Peer 1: 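This is the structure I want to talk about, given as structure tokens.
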Amino acid sequence: MATNTDLQTKERVKVKYPKRYKVLLLNDDYTSMEFVIDVLITIFHKSYEQAHEIMLEIHEKTKGICGIYTHEIAETKVMQVHKKARDNGFPLRATMEEE
Ligand code: TYC
């Protein structure tokens, strides 16, 4: 049976977790509160109550966290927000930040 003596090279298994990214929505004066709630429910899978709370936090504090994801998923969420906003004529913006 193999043991770790100095004749053997010890195998190192290093696990690297993927970096995580916060997706934030930014406040503006033109996007309706209803639309932001809809975005939070449909894109970020929040309940109505959670969505309402997050929307108000953004409205009062200029920005707020909608979710935390790997890079590719965060990027997709940002794109989905921008497309839905554009399709509905709102200037709503999303950004991502490394956690
Ligand atoms: N400030 C907007 C209003 O008063 C509502 C709003 C909330 C807009 C959150 C964007 O990310 C946002 N209609």
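In this text, all values refer to a predicted model and were calculated from it rather than measured experimentally. In each ligand, atom 1 is the first atom listed, and ligand 1 is the first ligand listed. Worth knowing before you read on, the calculation uses all heavy atoms, side chains too, and leaves out hydrogens, waters and symmetry mates.
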Peer 1: With a sphere of 6.0 Å drawn around CD of Glu53, does it hold more than 12 non-hydrogen atoms of other residues, nucleotides or ligands?
Peer 2: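 Not buried by this count: 12 neighbours or fewer within 6.0 Å.
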Peer 1: Taking His82 for its side chain and Ala94 for its backbone only, find out whether a donor-acceptor pair lies under 3.5 Å.
Peer 2: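 A pair under 3.5 Å: yes.
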Peer 1: With respect to Lys63, which candidate in Glu97, Arg93, Lys22 satisfies the side-chain contact (heavy atoms from CB on, under 4.5 Å) definition?
Peer 2: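 One option only clears the test, and that one is Glu97.
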Peer 1: Could you check whether atom CD of Glu34 has more than 12 heavy atoms from other residues, nucleotides or ligands sitting under 6.0 Å from it?
Peer 2: no
Peer 1: Test question: given the 4.5 Å side-chain rule for I, L, V, M, F, W and Y, name all other residues clustered with Leu40, or answer none.
Peer 2: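 Besides Leu40, the cluster holds Tyr21, Val23, Leu25, Met33, Phe35, Val36, Ile37, Val39, Ile41, Ile43, Phe44, Tyr48, Ile54, Met55, Leu56, Ile58, Tyr69, Ile73, Val78, Val81, Phe90, Leu92, Met96.
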Peer 1: Check ligand 1 against the protein and report each N/O to N/O distance under 3.5 Å, formatted as atom name, atom name, distance.
Peer 2:
unit_1: ligand 1; atom_1: 1 (N); unit_2: Asn27; atom_2: OD1; d: 2.7
unit_1: ligand 1; atom_1: 1 (N); unit_2: Asp28; atom_2: O; d: 2.8
unit_1: ligand 1; atom_1: 1 (N); unit_2: His59; atom_2: ND1; d: 2.9
unit_1: ligand 1; atom_1: 4 (O); unit_2: His59; atom_2: ND1; d: 3.4
unit_1: ligand 1; atom_1: 11 (O); unit_2: Leu26; atom_2: O; d: 2.8
unit_1: ligand 1; atom_1: 13 (N); unit_2: Thr31; atom_2: O; d: 2.9

Peer 1: Could you pull out the closest heavy-atom pair between Lys83 and Asp87, with the gap in Å?
Peer 2: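 Closest heavy-atom pair between Lys83 and Asp87: NZ-OD2, 2.7 Å.
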